Amino acid sequence: MDRVNSIKELRQQVTAWRVAGEQIAFVPTMGNLHAGHLVLVKQAQQRADRVVVSIFVNPMQFGAGEDFASYPSTIAQDVAQLERIKTDLLFTPSVQEVYPRGQKAQTVVTVPGISDTLCGASRPGHFAGVATVVCKLLNMVQPDLALFGSKDFQQLLVIRQMVEDLCIPVEIAGVPTVRDADGLARSSRNGYLTAAERSLAPTLYRTLCATSAAITGGNKDYIALELEAMQTLEVAGFKPDYYSIRNAADLLQPDKKGHRLVILAAAYLGRARLIDNRVVDKC
Ligand code: PAF
C-alpha cells in the first residue's frame with residue numbers, strides 16, 4: 001500500500017489509475033480503524049478496481065469542549081490493518097494541507113434543514129464541518145464511489161443532499177452498521193467506555209429494537225415511545241441527548257402517511273457520546 005500526504009501526490013496516483021480505465025472507490029475516515037471501517041474498505045474493493053482510504057481527524061467538525069484533542073490516534077495499527085486487507089492507497093493529509101488558509105478563512109459548505117436537527121442541534125456547526133471536509137476530500141480524490149457507515153445515519157443523509165445539490169459526480173453508498181455480538185455498534189468512541197460502561201452499552205441498541213418492535217406491532221404513539229425509551233436509558237445509567245422517531249428519507253417528524261421510519265438516538269455513557277439508529281422495516 002502506498003501512503004501519500006499531499007493532494008499533488010494523491011492526484012498523480014489517482015490520475016494514473018483513471019487513465020488506465022480503472023474505477024476508484026473512496027473511504028474517508030478519521031482513523032482508529034475498527035471492523036466497521038474494514039467492512040467499508042472490503043465493500044469498496046468489491047465495487048471498484050482501486051480503493052483510496054483517507055485518515056484525517058477533521059478539526060472543523062468538532063465543537064469547543066468536544067474530544068478533538070483526545071480523539072484516539074492509532075496510525076501504526078491503522079496502516080497495518082489497511083496493508084493486511086490490501087488497500088491501494090492511504091491519504092493522510094495534515095491540517096495545513098486541508099485548510100491552507102486556516103479554518104476561519106475556509107469556504108464552508110452548509111446543507112440546510114437536515115443539518116439543523118438531532119446531532120446538528122446538539123453539536124452546532126458539526127455538519128457544516130463534515131460537509132465541508134467531505135466536499136473537499138471528494139474533490140481531492142475524485143472517486144467514482146464513496147462509502148460511509150450507516151451508524152452515522154444523519155451524516156449519510158447530509159452527504160447525499162450535498163452531493164445532489166452541488167452536482168458532485170460521485171455515487172454515495174451507505175453500508176450497514178457493524179455490531180459487536182451483543183449489538184453495540186462499532187465506533188471509535190467505544191474506546192472511551194470503562195468495562196462497567198461497556199457492559200451497559202448494548203442497552204442503547206436493545207432499546208432501539210424494542211421501539212422498532214412496538215411500532216411494527218402497530219403502536220403509533222411515537223411521543224410516548226420516545227419518552228419510555230428515554231426513561232429506559234436513564235434508568236440504565238445513560239444521559240440521553242435525544243431519542244427520536246423520524247421519517248427515514250428526510251428526518252422530518254413522522255406524518256403517519258406510511259413513510260419508512262427511522263429511530264435515532266444519542267446518549268452519553270460516561271465520557272462517550274454514543275449514537276445509533278434503527279430503520280423500522282414495516283410500520
Ligand atoms: O464519519 C467520519 O468518520 C467522519 O465524519 C468523516 C466522514 C470521515 C468526515 O470527517
Side-chain angles (χ1 to χ4, degrees), residues 7 10 25-41 43-44 51-63 66-75 77-78 81-82 87 89-99 103 106-111 114-115 118-120 122-141 143 145-163 166 168 170-179 185-192 264 266 272-277:
I7 299 167
L10 169 75
F26 176 45
V27 179
T29 81
M30 299 206 298
N32 190 233
L33 303 182
H34 52 67
H37 296 114
L38 300 185
V39 166
L40 292 176
V41 177
Q43 290 228 359
V51 177
V52 180
V53 174
S54 66
I55 295 181
F56 177 65
V57 183
N58 173 34
M60 201 174 164
Q61 69 188 75
F62 290 80
E66 292 189 352
D67 56 346
F68 173 64
S70 59
Y71 197 83
S73 168
T74 49
I75 189 70
Q77 288 100 301
D78 294 351
Q81 294 198 78
L82 293 172
T87 306
L89 183 63
L90 173 60
F91 178 46
T92 47
S94 64
V95 173
Q96 170 67 23
E97 185 74 5
V98 176
Y99 300 114
Q103 278 179 76
Q106 168 65 46
T107 301
V108 175
V109 179
T110 51
V111 181
I114 200 144
S115 296
L118 304 167
C119 279
S122 309
R123 305 181 66 191
H126 169 66
F127 286 119
V130 170
T132 302
V133 82
V134 172
C135 183
K136 292 187 69 128
L137 289 166
L138 289 174
N139 284 330
M140 291 174 197
V141 180
L145 169 74
L147 299 94
F148 297 84
S150 298
K151 176 177 71 64
D152 299 286
F153 193 89
Q154 187 176 8
Q155 169 174 282
L156 185 56
L157 293 188
V158 167
I159 291 166
R160 282 191 198 286
Q161 188 173 321
M162 173 192 71
V163 161
L166 299 182
I168 303 177
V170 65
E171 179 189 341
I172 301 297
V175 175
T177 304
V178 175
R179 299 182 181 281
R186 295 300 300 261
S187 163
S188 300
R189 291 191 169 100
N190 293 352
Y192 297 152
L264 306 109
R273 184 176 184 277
L274 303 179
I275 63 170
D276 204 350
N277 66 82

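One-based numbering, in listed order, for ligands and for the atoms of each. Note that the structure is a prediction, hence the values are computed from the model and not measured.
- Expressed to the nearest 0.5 Å, how far CG of N58 lies from CG of L137 amounts to 8.0 Å.
- Every N/O-N/O distance between T29 and ligand 1 stays at or above 3.5 Å.
- Classification of the Y99-F56 ring pair by plane angle, with boundaries at 30° and 60°, yields tilted.
- Here the straight-line distance linking atom CG of L89 with atom CZ of F26 works out to 10.0 Å at 0.5 Å rounding.
- Residues V134 and F148 are in side-chain contact: their nearest non-hydrogen atoms beyond the backbone lie under 4.5 Å apart.
- Contacts of I159 with ligand 1, taken as heavy-atom pairs under 4.0 Å, are absent altogether.
- In the vicinity of Q155, heavy-atom distances shorter than 4.0 Å reach the ligand 1 atoms 1 (O), 2 (C), 4 (C), 5 (O), 7 (C).
- In terms of protein heavy-atom proximity, atom 3 (O) of ligand 1 is closest to M30 CG, 3.7 Å.
- Atoms of ligand 1 lying under 4.0 Å from at least one heavy atom of Q61, given by number and element, are 4 (C), 5 (O), 9 (C), 10 (O).
- Nearest heavy-atom pair across L38 and Q81 is CD1-OE1, 3.2 Å.
- Under a 4.0 Å criterion applied to the non-hydrogen atoms of V133, ligand 1 contributes the atoms 9 (C), 10 (O).
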